[in-house]
Peer 1: 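Below are the structure tokens for one structure; questions will follow.
All residue numbers refer to positions in the sequence shown, counting from 1. What's counted below: heavy atoms across the whole structure, side chains too, no hydrogens, waters or symmetry copies. Indexing begins at 1, ligand by ligand and atom by atom, following the structure's order.
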Amino acid sequence: MEDQDICAYRERRQRKSPEEEEALEKEHFWKIISAFTGYGCTIHEQVNRTERQFKSLPRNQQKLLPHFLPHLDSIRQCIEHNQMILQMIVDDCTHMFENKEYGVNGYRKPTPPSTFEMDKLKSTIKQFVRDWSEDGKSERDACYQPIVDEILKYFPKDKSDVSNINILVPGAGLGRLAWEIAKHGYSCQGNEWSFFMLFSSNFVLNRCSEINAFKIYPWIHQFSNNRRSSDQIRPAYFPDVNPHDLPPNANFSMTAGDFEEIYTDQCSWDCIATCFFIDTAHNVLDYIDTIWKILKPGGIWINLGPLLYHFENMANELSIELSYEDIKNVALQHGFHIEFEKESVSTTYTVNSLSMMKYFYDCVFFVARKPQQ
Ligand SMILES: C[S@@+](CC[C@H](N)C(=O)[O-])C[C@H]1O[C@@H](n2cnc3c(N)ncnc32)[C@H](O)[C@@H]1O
């Protein structure tokens with residue numbers, strides 16, 4: 001990134017008036033709604049292209065594959081189903097925020113979603129598997145369970161009333177980790193910035209109560225690495241638990257917004273749990289700074305995840321990519337004590353378990369304490 005780009009980045013962050021910020025946010029809100037509602041058309045177009053290409057093959061080759069076109073028709077039905085679920089997700093979401101109304105879409109004629117937005121939407125659909133389906137259990141066991149186990153160890157349920165322990169989960173995705181923590185009786189708040197995630201978590205957490213009442217087709221967008229055609233059109237059912245099944249008087253909430261902007265109250269959290277989050281920073285030093293400030297003295301930061309910096313190689317975006325070694329050094333210089341550390345925890349992220357290609361992350365996992373003094 002050129003120096004002038006960095007200046008542009010800083011200016012973008014600093015120079016907006018509250019009115020400009022609000023107008024931009026509303027525009028963004030409606031753009032994401034358009035992405036949800038325009039999903040079907042965009043994916044149908046991709047399937048139509050696949051069909052056209054197949055039909056351009058010589059007749060004798062087409063005849064060898066009598067199931068190919070019926071399979072595309074099955075995918076089309078899955079797209080329709082996904083579109084219905086996505087429509088349910090965005091129905092009423094203009095009123096989902098306690099302190100904000102987004103009114104009507106006076107900003108733009110709905111435009112077809114961009115490739116970037118479609119990619120986000122496809123990832124969000126796969127996030128349903130990770131967080132709220134039986135199929136995601138082994139992934140959750142690898143990513144969330146170690147964090148929950150540390151919380152249970154540092155704040156044992158038999159030693160105090162854990163409803164007084166305040167735990168924050170920044171970058172909460174579809175909310176399952178935060179929900180699991182609340183399910184154990186802790187006060188837990190998930191924070192999320194993306195409307196894709198916020199709309200979807202709102203749907204699961206507030207509008208789903210029957211186990212496996214819904215299905216979604218998360219893998220239909222994947223045309224490569226399928227062992228069988230049927231793998232591509234298999235559904236995932238959700239939610240695998242009743243999200244309303246929390247202890248009486250549970251203190252569980254989700255907040256919308258940028259973690260760094262929202263959380264400015266010093267010394268207010270007993271524990272901050274970050275899972276696949278710290279690499280979303282433009283500048284991870286700012287995240288560490290915020291975590292240090294908002295933790296109570298004696299509070300702990302639990303982190304599990306890789307360092308796949310989200311803004312790496314993005315034009316006009318500041319991105320400081322530090323090694324784990326550097327991050328740890330910075331945490332130590334702040335004054336954190338590393339209480340526990342494991343440099344190699346193998347996990348997946350929204351993996352398609354039947355795919356012939358899978359990514360594995362070799363994550364770092366640590367618990368760092370802000371000292372009492
Ligand atoms: C890789 S995902 C991980 C989600 C979840 N923790 C999980 O493990 O499934 C990172 C999440 O952090 C969110 N995020 C990124 N920057 C954020 C910020 N500044 N404040 C709040 N959330 C943020 C993204 O929208 C995304 O949902």
Peer 1: Side chain, backbone, both or neither: which applies to Y144 and ligand 1 if a contact is any heavy-atom pair less than 4.0 Å apart?
Peer 2: side chain

Peer 1: Just to be sure I read this right, does ligand 1 sit under 4.0 Å from the backbone of F195, its side chain, both, or neither, counting only heavy atoms?
Peer 2: neither

Peer 1: What atoms of ligand 1 come within less than 4.0 Å of a heavy atom belonging to N191?
Peer 2: 20 (N), 21 (C)

Peer 1: Should the proximity of R130 to ligand 1, defined as any heavy atom under 4.0 Å, be assigned to the side chain, the backbone, both, or neither?
Peer 2: side chain

Peer 1: Looking only at the aromatic ring of each residue, does the gap between the centers of W301 and W269 stay below 6.0 angstrom?
Peer 2: no

Peer 1: Could you list which atoms of ligand 1 come closer than 4.0 Å to a heavy atom of G257?
Peer 2: 20 (N), 21 (C)

Peer 1: Which of the numbered atoms in ligand 1 are below 4.0 angstrom from a heavy atom of W193?
Peer 2: 17 (C), 18 (C), 20 (N), 21 (C), 22 (N), 23 (C), 25 (O)

Peer 1: Considering only the protein, which heavy-atom contact is closest to atom 20 (N) of ligand 1, and what is its distance?
Peer 2: F259 N, 2.9 Å

Peer 1: For H334, enumerate each residue passing the ring pair (Phe, Tyr, Trp, His ring centres under 6.0 Å) test, keeping only those at least two apart in sequence or located in another chain.
Peer 2: W292

Peer 1: Can you confirm whether or not the ring centre of F252 sits under 6.0 Å from the ring centre of H244?
Peer 2: no

Peer 1: Taking side-chain contact (heavy atoms from CB on, under 4.5 Å) as the definition, give me every residue that meets it alongside S230, ordered by chain and number, with sequence neighbours left out.
Peer 2: R228

Peer 1: Please check if the distance between the ring centroids of Y237 and F214 is under 6.0 Å.
Peer 2: no

Peer 1: State whether the shortest distance between N or O atoms of H310 and N or O atoms of ligand 1 falls below 3.5 angstrom.
Peer 2: no

